[in-house]
Asks: 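Would you mind keeping the following structure in view while I ask a few things?
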Amino acid sequence: MASDKSVYEKIVFVTGNPGKFTEIQEILAAVSITAIQNKGDYPEIQADDLEPIAAASAKAAAEDLQIPVLVDDSGIFIRALNGFPGPYSRFVEDHLGNPRVLKLMENETDRSACFKTVVAFCEPGRSPVTFTGTVEGKIAFEERGNGGFGFDPIFDYNGKTFGELGSEFKNTISHRRRALDKFIEWVKKQ
Ligand code: ITT
């Protein structure tokens, strides 16, 4: 891996999702890493898990841009729906939205769900490295709260949704925070 530590002081984060970027930027700023957004839209491979998707996206972006990059592939996995939407979360958010997800869950008593983030870092000419974080919660019965983005208003964490808790609290315990903590630990060892 790179011996030049400055590679990790400013990192280009490839995402078109402003909610994700804001969270990543805040989490990394706390450890003096500056995240710079690149909105490049790279085709995502299809897979049942987020790890290979994040790794392939990071590799494609690093080779295209010829700079080290970070990407984040995330999803919500609902137990009563056998893990759906998981890697298809973006499609579900765009085409169904939270109200239709709640409708699918209408008669389900097992409300358990987890959010998962895989952060992948890749330098041109090298293999990507991935870091995974999860957080357990429940699917609420209705949307609550205006904070966060995406599925946050329907993800209940100990009685309040991520939408109600807001990003400052979310960033202390979220799937994304947990994945980035692993990335930060790895950076310290480089
Ligand atoms: P990029 O690939 O450009 O980064 P995306 O929005 O397509 O952006 P993902 O595929 O990782 O990103 O996200 C899957 C879906 O899950 C998408 O609809 C997100 O809005 C949603 N999502 C991701 N992280 C979330 C979080 O922390 N809270 C709520 N929803 C989230």
Side-chain angles (χ1 to χ4, degrees), residues 11-28 35-62 64-65 69-78 81 83-102 104 113-122 128 130-140 143-157 160-181 183:
I11 300 182
V12 169
F13 176 53
V14 181
T15 182
N17 185 321
K20 256 189 204 181
F21 180 66
T22 305
E23 288 185 9
I24 297 238
Q25 200 179 26
E26 284 171 13
I27 294 167
L28 292 180
I36 299 157
Q37 186 177 14
N38 178 297
K39 295 182 186 163
D41 195 12
Y42 294 91
E44 280 185 5
I45 62 159
Q46 269 201 8
D48 291 341
D49 291 320
L50 301 180
E51 279 84 359
I53 302 175
S57 299
K59 181 71 182 160
D64 182 55
L65 298 169
V69 297
L70 201 57
V71 306
D72 159 325
D73 202 46
S74 299
I76 190 165
F77 295 72
I78 303 176
L81 306 179
F84 183 79
Y88 310 105
S89 293
R90 174 66 192 275
F91 185 87
V92 167
E93 191 193 319
D94 288 350
H95 297 272
L96 299 179
N98 289 333
R100 301 276 293 276
V101 174
L102 291 175
L104 275 177
C114 81
F115 263 130
K116 179 171 167 179
T117 285
V118 178
V119 157
F121 177 77
C122 190
T130 59
F131 307 89
T132 301
T134 60
V135 62
E136 302 282 335
K138 292 192 184 314
I139 300 300
E143 293 189 75
R144 299 197 314 263
N146 302 317
F149 64 97
F151 302 100
D152 284 342
I154 62 166
F155 187 81
D156 186 302
Y157 179 79
K160 281 197 175 167
T161 66
F162 272 0
E164 291 174 303
L165 290 165
S167 70
E168 202 175 320
F169 178 81
K170 181 185 171 189
N171 280 346
T172 65
I173 48 87
S174 75
H175 45 309
R176 183 159 293 110
R177 168 62 186 270
R178 290 170 179 170
L180 284 171
D181 276 351
F183 169 67

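Order of listing sets the numbers, starting from 1, for every ligand and every atom in it.
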Asks: Please write down residue, atom name and distance for the protein heavy atom closest to atom 22 (N) of ligand 1.
Replies: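 The closest heavy atom on the protein side is F149 CE1, 3.7 Å.
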Asks: Counting non-hydrogen protein atoms only, what is the nearest one to atom 6 (O) of ligand 1? Give residue, atom name and distance.
Replies: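 Residue, atom and distance for the closest contact: N17 ND2, 2.9 Å.
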Asks: Check ligand 1 against T15 and write out every atom of the ligand that is under 4.0 Å from a heavy-atom position of the residue.
Replies: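 Per the distance check, 1 (P), 3 (O), 4 (O), 8 (O).
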Asks: Which residue, C114, S89, P85, forms the side chain to side chain contact (heavy atoms under 4.5 Å, CB included) with F77?
Replies: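 It is C114; the other options fail the test.
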Asks: Where on F115 is there a heavy atom closer than 4.0 Å to ligand 1, on the side chain, on the backbone, on both, or on neither?
Replies: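 Just the side chain.
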Asks: Of all the atoms in ligand 1, which lie at a distance below 4.0 Å from a heavy atom belonging to S89?
Replies: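 Once the distances to S89 are compared, the set is 14 (C), 15 (C), 16 (O), 18 (O).
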Asks: Give the atom numbers and elements of ligand 1 that come within less than 4.0 Å of a heavy atom of D73.
Replies: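 This gives 9 (P), 10 (O), 11 (O) as the contact atoms.
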Asks: Is a donor on one side and an acceptor on the other found under 3.5 Å between the side chain of T172 and the backbone of F169?
Replies: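 Yes.
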Asks: Tell me: protein heavy atom nearest atom 13 (O) of ligand 1, and distance?
Replies: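 Protein heavy atom at minimum distance: S74 O, 3.6 Å.
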Asks: In terms of atom number and element, which parts of ligand 1 are under 4.0 angstrom from non-hydrogen atoms of R176?
Replies: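 By the 4.0 Å cutoff, the relevant atoms are 23 (C), 24 (N), 25 (C), 26 (C), 27 (O).
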Asks: Which of the atoms in ligand 1, numbered in the order shown and given with their element, are less than 4.0 Å from a heavy-atom of D72?
Replies: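 So the answer, numbered in order with elements, is 4 (O), 11 (O).
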Asks: So does D94 have more than 12 non-hydrogen atoms from other groups sitting under 6.0 Å from CG?
Replies: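 Counting neighbours around CG of D94, more than 12 heavy atoms of other residues, nucleotides or ligands fall under 6.0 Å, so yes.
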Asks: Under 3.5 Å, is there a donor-acceptor pair between the T15 and N17 side chains?
Replies: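 Distance-only check fails for T15 and N17.
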Asks: Backbone or side chain, does any N or O of G16 fall under 3.5 Å from an N or O of ligand 1?
Replies: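 Checking ligand 1 against G16, an N or O pair does fall under 3.5 Å apart.
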Asks: Using 30° and 60° as the class limits, which term best fits the ring planes of F155 and F115: parallel, tilted or perpendicular?
Replies: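 The rings of F155 and F115 sit tilted, inter-plane angle from 30° to 60°.
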Asks: Looking at D181, V119, I24, which one forms a side chain to side chain contact (heavy atoms under 4.5 Å, CB included) with R176?
Replies: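 Testing each of D181, V119, I24 against R176, the sole residue satisfying side chain to side chain contact (heavy atoms under 4.5 Å, CB included) is I24.
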Asks: Below 3.5 angstrom, do we get any N/O pair linking F151 and ligand 1?
Replies: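 Checking ligand 1 against F151, an N or O pair does fall under 3.5 Å apart.
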Asks: Which is closest to atom 27 (O) of ligand 1 in terms of heavy atoms, K170, E23, R177, E44?
Replies: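 The option holding the nearest heavy atom is K170.
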Asks: Which residue and non-hydrogen atom of the protein lie closest to atom 28 (N) of ligand 1, and at what distance in Å?
Replies: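 The closest heavy atom on the protein side is D152 OD1, 2.7 Å.
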Asks: With a 4.5 Å limit on heavy-atom distance, are the side chains of I76 and I139 in contact?
Replies: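 Of all side-chain heavy-atom pairs linking I139 with I76, at least one is under 4.5 Å.
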Asks: Quick one: does N171's side chain have a donor or acceptor within less than 3.5 Å of a partner on E168's backbone?
Replies: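 Such a contact is absent between N171 side chain and E168 backbone.
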Asks: Quick check: do K116 and T132 have side-chain heavy atoms less than 4.5 Å from each other?
Replies: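 Answer yes - side chains close enough.
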Asks: Counting distance only, does the side-chain N/O of D73 pair as donor-acceptor with the main-chain N or O of E51 below 3.5 Å?
Replies: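 Checked: no pair found.
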Asks: Could you check which of K39, K20, R90, K116 puts a non-hydrogen atom nearest to atom 15 (C) of ligand 1?
Replies: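 Among K39, K20, R90, K116, the closest heavy atom to atom 15 (C) of ligand 1 belongs to R90.
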Asks: Tell me the contacting part of E93 for ligand 1: side chain, backbone, both, or neither, using a 4.0 Å heavy-atom threshold, strictly below.
Replies: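 For E93, the contact with ligand 1 is made by the side chain alone.
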